Amino acid sequence: MQTSALPDLAHTATKPVHWLATAAAMAGVVALAGLLQPRTATATATAPEKRTTTPVAAPDPATVDFPLECGGAGTTVAKQAPGDLDGDGRPETVAVVHCDAGSGTPPSGIYVLTQRSGAAPRLVATLVDPADRKTVGEFAVREGRVSATLLGYSSLEVPRCCPDQEEQVSWRWKGNAFVRTSGDLARSV
């Protein structure tokens with residue numbers, strides 16, 4: 001090994017006094033940084049968007065006159081489901097309604113009801129008209145979409161008890177109307 005011609009440097013032979021001096025210098029830097037903090041921030045939060053905190057009840061279909069011609073037999077709300085279909089924060093009710101026929105399979109209508117504060121529920125859309133002669137099988141309202149299985153008949157010769165056609169459909173509010181999409185059109189059962 002070759003020896004250096006230079007004298008030993010101070011950092012190569014540290015003593016406890018050097019460590020104490022380094023610790024004191026670091027403590028001084030930390031204390032000075034604590035004294036030189038910026039003034040306290042005075043940010044003000046803006047008020048969040050006001051939302052109704054009281055839950056709003058969905059319209060009750062029992063209080064609505066549906067546009068069905070039942071010849072005095074009355075109507076039956078077979079199925080109903082609430083949901084915010086137009087994104088306004090207030091629930092609508094979607095109702096599957098048919099004539100109270102007593103027997104057989106009367107055609108159904110699917111209706112959308114809304115209700116403003118303090119007002120009576122009102123019908124705002126007909127998704128399926130009973131004149132289309134469809135019966136509603138499965139039915140749901142989820143995430144702003146109405147979906148249903150519509151059952152129908154391929155001809156007048158098919159007994160009214162036993163639909164032989166099935167169609168998967170759904171509706172979603174777009175702009176100012178409900179837009180219908182279909183799955184398997186007129187699929188035989």
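Because the structure is predicted, anything quoted here is derived from the model rather than measured. One is the number of the first residue; the rest follow in order along the sequence.
- Atom-to-atom distance recorded for T93:OG1 and Q115:CD is 8.0 Å, nearest 0.5 angstrom.
- Every pair tested for ring pair (Phe, Tyr, Trp, His ring centres under 6.0 Å) that includes a residue from residues 70-97 fails, sequence neighbours excluded, so the list is empty.
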Side-chain polar contacts of residues 60-79 - donor-acceptor pairs under 3.5 angstrom, sequence neighbours left out - could you list them?
from, atom 1, to, atom 2, distance (Å)
D60, OD1, A62, N, 3.1
T63, OG1, D60, O, 2.8
K79, NZ, G137, O, 2.2

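- There is no side-chain donor-acceptor pair under 3.5 Å between T135 and S108.
- Side-chain contact between W171 and T181: absent, with no pair of heavy atoms (C-beta onward) separated by less than 4.5 Å.
- Contact annotation: the side chain of V112 never approaches that of T114 to less than 4.5 Å [non-hydrogen atoms, C-beta and beyond].
- Applying the side-chain contact (heavy atoms from CB on, under 4.5 Å) criterion to A81, with sequence neighbours excluded, gives F139, V141.
- Annotation: the span from Y111 atom OH to Q80 atom CD amounts to 15.0 Å, rounded to 0.5 Å.
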Exercise answer: donor-acceptor pairs, residues 116-129 side-chain atoms, under 3.5 Å, sequence neighbours excluded:
from, atom 1, to, atom 2, distance (Å)
S117, OG, R90, NH2, 3.1
D129, OD1, A131, N, 2.9

All N/O donor-acceptor pairs, side-chain side in residues 144-157, below 3.5 Å, sequence neighbours left out:
from, atom 1, to, atom 2, distance (Å)
T149, OG1, Q168, OE1, 3.0
T149, OG1, Q168, NE2, 3.3
Y153, OH, R160, O, 2.5
S154, OG, D164, OD2, 2.5
S155, OG, E157, N, 3.3
S155, OG, E157, OE1, 3.1

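- Using a distance-only test at 3.5 Å, with no hydrogens or angles considered, no donor-acceptor pair links the side chain of D84 to the main chain of P91.
- The cluster map of Ile, Leu, Val, Met, Phe, Trp and Tyr, joined by side-chain heavy atoms under 4.5 Å apart, puts V136 and V169 in the same cluster.
- The list of disulfide (SG to SG under 2.5 Å) pairs with a residue in residues 133-162, not counting sequence neighbours, is empty.
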